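Heads up, the thing below is written out as structure tokens.
What you see is a predicted model; the values in this text were computed from it and never measured.
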Amino acid sequence: MKIATWNVNSLRARADRVEGWLLRSGVDVLAIQETKCRDENFPWELFERNGYEVAHFGLNQWNGVAIASRVGLEDVERTFPDQPVFGKGGIEAEQEARAIGATCNGVRVWSLYVPNGRALDDEHMPYKLEWLATLNKHASEWLAQDPKAQIALVGDWNIAPLDEDVWDIEMFRTEGFTHVSEPEREAFRAFERSGFTDAARAYTPGPGVYTYWDYKQLRFPKKEGMRIDFILASPALEARVVGAHIDREERKGKGASDHAPVVVELADGA
DNA sequence: ATGGTGGGTTGCCCA
């Protein structure tokens, strides 16, 4: 069984590429981020005609997450429990479409689009950290209730956990960029302390291995990317991992997303 | 030459 995650940066703009990749890659479960649409204009047929069930959560032109599966799709949940809301108490506070969960062939999959902190001193940074801390609190409870649970927390984490996960860590530090700050990395490590493992890392060692390249400044041809998309596996799921890859071919050419798909292959489940 | 791209409910906001 293969599980993948991909920030497609608009599913409608990318429909042909997503369909082509779905057929070529042979993934059984695809978690999608940044669909950038509401249910009314979600391309349901794209998945159905290729044998995938699909669940989507999209409220407006921003964010939007989905899970497509050809091995079952049960117990769909939109937003995780207590998911923080930006601007809580403010007049504009409203939930964002950043998390959807579903059980696919015994694996509890969460497609996650972690908030972008925007800047170290921006109000979105504490929102991002609280969002991650709340998710981790629940994820650790899910594992405490069932240590054998197969859970995959997958998506665009908007964090580069290691120095080698960006092309020039000194520049990031000097410029005070997000994604590499200690609070963000600590929020990521907290998931590892809860028992989750980056399932692709061992099969895709760095340095210079990335999942995202900015459209601006010719970052892809210059090989200046960031590793920010992850499949975090619970212990029982990690035990099934037999391979992984990042499909950087999908970042090439006209009409590519700025993110590449990350794929993990699992041995048959117990 | 100190920018540069690409989405969306586009002439701004978001990444």
Test side chain to side chain contact (heavy atoms under 4.5 Å, CB included) applied to A:Leu120 - qualifying residues, sequence neighbours left out: A:Met125, A:Thr178, A:Ser181, A:Glu184
One thing to verify: whether A:Glu249 and A:Lys252 come together as a salt bridge, which I'm taking to mean a side-chain N less than 4.0 angstrom from a carboxylate O. yes
The criterion is side chain to side chain contact (heavy atoms under 4.5 Å, CB included); which residues satisfy it with A:Ala13, sequence neighbours excluded? A:Ser10
Find the distance A:Phe220:CZ to B:dG4:C1' and express it as a whole number of Å. 17 Å
Anything under 3.5 Å between a protein N or O and an N or O of nucleotides 1-3 of chain B, put it in a table, one pair a line.
none

I'd like to compare against my own output: the B/S/- annotation of nucleotides 7-15 of chain B with a strict under-4.0 Å heavy-atom distance to protein. BSB----SB
Say you pick atom P in B:dG7 and the same atom in B:dG3; how far apart are they, in whole Å? 23 Å
Please confirm whether the ring centroid of A:Trp62 lies under 6.0 Å from the ring centroid of A:Tyr113. no
How far does the P atom of B:dT9 sit from the matching atom of B:dA15, given to the nearest Å? 16 Å
Ring centroid separation A:Trp157 to A:Phe191 under 6.0 Å: yes
How far, in whole Å, is B:dA1 from B:dG6 if one measures between their C1' atoms? 22 Å
Excluding sequence neighbours, so at least two apart, what forms side chain to side chain contact (heavy atoms under 4.5 Å, CB included) with A:Gln145? A:Glu141
Any salt bridge linking A:Glu164 with A:Arg201? Criterion: basic side-chain nitrogen under 4.0 Å from a carboxylate oxygen. yes
Who are the salt bridge (charged side-chain N to carboxylate O under 4.0 Å, His left out) partners of A:Glu19, not counting sequence neighbours? A:Arg49
